[in-house]
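Every chain is numbered from 1 and lettered A, B, ... according to where its sequence line falls, protein lines coming before strand lines. All values below come from the heavy atoms of this structure, side chains included, with hydrogens, waters and symmetry mates left out. Every value quoted in this text rests on a predicted model; they were computed, and no experiment measured them.
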Protein chains: 2
Amino acid sequence: MIGGDAAGMSAASQARRMRGPDELEIVAFERGHFSSYSACGIPYWVGGDVPERNRLIARSPAEHRERAIDLRMRTEVTEIDVAGARVRSLDLETGAEEWTSYDKLVIATGARPIRPDLPGVDAPGVHGVQTLDDGQALLDTLATTEGRRAVVVGAGYIGVEMAEALINRGYEVTVVNRGKEPMSTLDPDMGRLVHTAMENLGVTMVNDAEITKLLTGDAGRVRAVATEDTEYPADVVVLGIGVRPETTLARAAGLPLGDHGGLLTDLAMRVRGHENIWAGGDCVEVLELISGRERHIALGTHANKHGQVIGSNVGGGYATFPGVVGTAVSKVCDLEIARTGLREKDAHRAGLRFEAVTIESTSRAGYYPDADLMTVKMLAERRTGRLLGVQIVGGEGAAKRVDIAAVALTAGMTVEQMTYLDLGYAPPFSPVWDPILVAARKAVTAVRRSAP
Amino acid sequence: MIGGDAAGMSAASQARRMRGPDELEIVAFERGHFSSYSACGIPYWVGGDVPERNRLIARSPAEHRERAIDLRMRTEVTEIDVAGARVRSLDLETGAEEWTSYDKLVIATGARPIRPDLPGVDAPGVHGVQTLDDGQALLDTLATTEGRRAVVVGAGYIGVEMAEALINRGYEVTVVNRGKEPMSTLDPDMGRLVHTAMENLGVTMVNDAEITKLLTGDAGRVRAVATEDTEYPADVVVLGIGVRPETTLARAAGLPLGDHGGLLTDLAMRVRGHENIWAGGDCVEVLELISGRERHIALGTHANKHGQVIGSNVGGGYATFPGVVGTAVSKVCDLEIARTGLREKDAHRAGLRFEAVTIESTSRAGYYPDADLMTVKMLAERRTGRLLGVQIVGGEGAAKRVDIAAVALTAGMTVEQMTYLDLGYAPPFSPVWDPILVAARKAVTAVRRSAP
């Protein structure tokens, strides 16, 4: 196993469940200091909601070793020799190198944060938040820096979560975003709602802004983020521009990569064309079922499922990962954000004709206390009325409703079939017509009225 | 339209949307004082969460009349003359009777609370909570009664909600329940969790107890509820034993009723064998899709959907109600309760062989603040692995997860298909494996291991 986080160690654990130590020897290499941790939890640790780092660690190296998994920490794999069926590793503490041969190889090298190739991007005070090591480095900077001005670059999930975390820490936060609105995983009309919420939190939101350089001051530390025409003073900078599959090793070994730079696998998570090599987690591309295209989606929940599938197959069983529909949920303080399926531009790109409708409702019965506003956007294919996607922005109870649409997408339901779904109703939980049903009804009308 | 609440007035409104006043004359009879209100909201009004009665009224009689619906309040239909295509009505204020003929008739007479035929059941201080009039009468009693001891008879949805409402009002509450555990819509092992939660709230929970009479005292007012061997002192008694379809008129008119006393309809909500009579809401039986049987389920969300379907059909359009999967959600203070599909005894009765598994997880990532315990029970058919039902008891965010199962049931998914559902994941919303997925995985294993 190359990589000791979600996908790799899930695979190792599942393989061990299926085959005892006498039947299967498992060696896992991890270059970092931590195994099996929740990278998705880092913003909440930085923000103070999670009190200490170790809470994010699901299973320590010692616990893995107790299960007869030979987990070698701080050991980086530097080469995959596919023809020789062996990997070369480097002990980062001692500098020792060695070759380890394999019968079966699992690549779970994860993703690396995108660091724009700009002057000053490596200056002290500029941080990514991809690994626990990154999170610790950021917290160390926050603890030793006097100024309270933070700039977050990027306004996707990590960007908005880090903006909230830094607001919680008492920082003055500016988010500099290349897109028209924050959360480019939503259509801009829905992203606009996130924009407003972030401003209400006290975040300065700068959209349509391309960063040109990072300016440094005393001792080479970052002091500002510059765009074409403006400088944003910064005592700390967090890069939340997104991630790319970490496939340097795989590329060098000649393994097949997709358009997004991720490894390409079959449905059993076997690297295409390689009977004895599997790959999963943030380093692979996944089949997105609605458009039928490969996408790169770095999410812990997929990584765990991949690991489960790989472990079953490596252990001699049979399992497949059927693909994803593109579900994601997040929040900025009390505002919940969710999406699944296709956005308008995805649907266009996939060659689909569709209707898009948006409705406003509440997450509880309107008369019930704390009934929060909830906006639902729904896309349905013309003619067939098949559901194509849902986006939700709203108060408490809004985000996880996206699961209704995720299941309906998986099942290939039409919006008309959805209008009579028997969803849970009681005043503390939903209006008598759940907002998803209200959106589906409006989508039915739109599809009926539309030209083919 | 006979009945001016959810089903009747939804039907009237939808028919009016489709046909103007020149094309369709709509007369609606309602014997009570209120139209189009949320009966499901009554416990929250009594408990004080909803500050005033009018918040529960979605649309007043005047608003309906503005939409050219001739809504006659306090007017009871006393006879349906099917052969003559007319109904006889009685103005409850003036005592005037008249016959009104119809081309199309909609029966939406709702349900009536079960009142056990016991001595003292009609004594002052004994209340049902089916209608706004009932709720007002209960509140009047609470306002004028000094004692603070309340007995709730029955521990279904209404019973547990009323127990919470009375606790919120500062009452000492005893719930007397015929079943082995509260919430007989759950299996007893799951009902047990509700039992514990209610005791933690300070409710005295008496199970396996059959009431034999209600004892009266001063001025004939109720003073205690008696079982075979015990008396429970009561200053006020709330009956929450459940409801039956109100089909007295339909029965007298010879219309087809099912095993549960509800009207039987086709999928267009037309009364079977009667081209021009529709029925919907709490007075009908609905097709429960998993067992393929008719059931009586009194729920505002179904009533609204029925009304929508009936209104479309009466207005000359076409719509059908495909049936239900039996979803229901509720809460007792912070404990959320949900179910969909079949319980163990339903599955047995339907002739199904199945595996039942139960898991414990949390509604959020375990390390995230306020990650509440959540118990999920899942039933899957042997051999096919088809999902049969889900029950959930847990903290915030638990109940509405039942919708995932409701859609999966509707789509006929197997538990194996469910294990890879792309559900929303982020630490504030879910562990990396959503509890529904954890249950599905365990169910897969159980099905595999089981004999056919």
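- Listed options A:Ala426, A:Pro427, A:Ala408, A:Ala58 were ranked by heavy-atom pairs under 4.5 angstrom with chain B; first place goes to A:Pro427.
- The contact between B:Ser430 and chain A is made entirely by side chain atoms (from C-beta outward), counting heavy-atom distances below 4.5 Å.
- Contact tally against chain A (heavy-atom pairs below 4.5 Å) for B:Ala399, B:Pro428, B:Ala406: the top residue is B:Pro428.
- Ionic pairing of A:Glu164 and A:Lys331 is present here: one or more N-O contacts between side-chain nitrogen and carboxylate oxygen are shorter than 4.0 angstrom.
- In terms of modelled atom types and a separation under 3.5 Å, the side chain of B:Gln417 and the main chain of B:Thr419 share no donor-acceptor contact.
- Comparing A:Leu437, A:Ile436, A:Asp422 by how many heavy-atom pairs each has under 4.5 Å with chain B, the most go to A:Asp422.
- The backbone N or O of B:Ser363 lies less than 3.5 Å from no partner atom in the side chain of B:Asp372, so there is not a single donor-acceptor pair.
- The candidate with the highest count of non-hydrogen atom pairs below 4.5 Å against chain A, out of B:Tyr368, B:Tyr157, B:Phe321, is B:Tyr368.
- With a 4.5 Å cut-off on non-hydrogen atoms, A:Arg339 does not touch chain B at all.
- Here A:Asn304 is the residue among A:Val50, A:Val324, A:Asn304 with the most heavy-atom pairs under 4.5 Å with chain B.
- No other option in B:Pro43, B:Gly412, B:Ser38 has as many heavy-atom pairs under 4.5 Å with chain A as B:Ser38.
- The choice from B:Ala6, B:Ala411, B:Cys40 that makes the most heavy-atom pairs within less than 4.5 Å of chain A is B:Cys40.
- A:Phe429 touches chain B through backbone and side chain together, each having a heavy atom under 4.5 Å away.
- Proximity to chain A involves both the backbone and the side chain of B:Leu421, based on heavy atoms less than 4.5 angstrom apart.
- A donor-acceptor pair is defined here as one N or O able to donate and one able to accept, closer than 3.5 Å; such a pair exists between the side chain of A:Arg364 and the backbone of A:Asp370.
- For the options A:Tyr367, A:Tyr44, A:Trp45, heavy-atom pairs under 4.5 Å to chain B are most numerous at A:Tyr367.
- Salt bridge status for B:Glu416 with B:Arg448: present, with a side-chain N to carboxylate O gap under 4.0 Å.
- How far CD of A:Gln391 is from OG1 of A:Thr185: 8.0 Å, rounded to the nearest 0.5 Å.
- Side-chain N or O atoms of B:His306 include one that pairs as donor or acceptor with a backbone N or O of B:Gly281 at under 3.5 Å.
- No donor-acceptor pair under 3.5 Å is formed between the side chain of B:Asp403 and the backbone N or O of A:Ile404.
- Heavy-atom pairs under 4.5 Å with chain A were tallied for B:Leu289, B:Leu56, B:Val325, B:Val329; the largest tally goes to B:Val329.
- The existence of a salt bridge linking A:Asp434 and B:Lys400 is confirmed by a sub-4.0 Å separation between a basic side-chain nitrogen and an acidic carboxylate oxygen.
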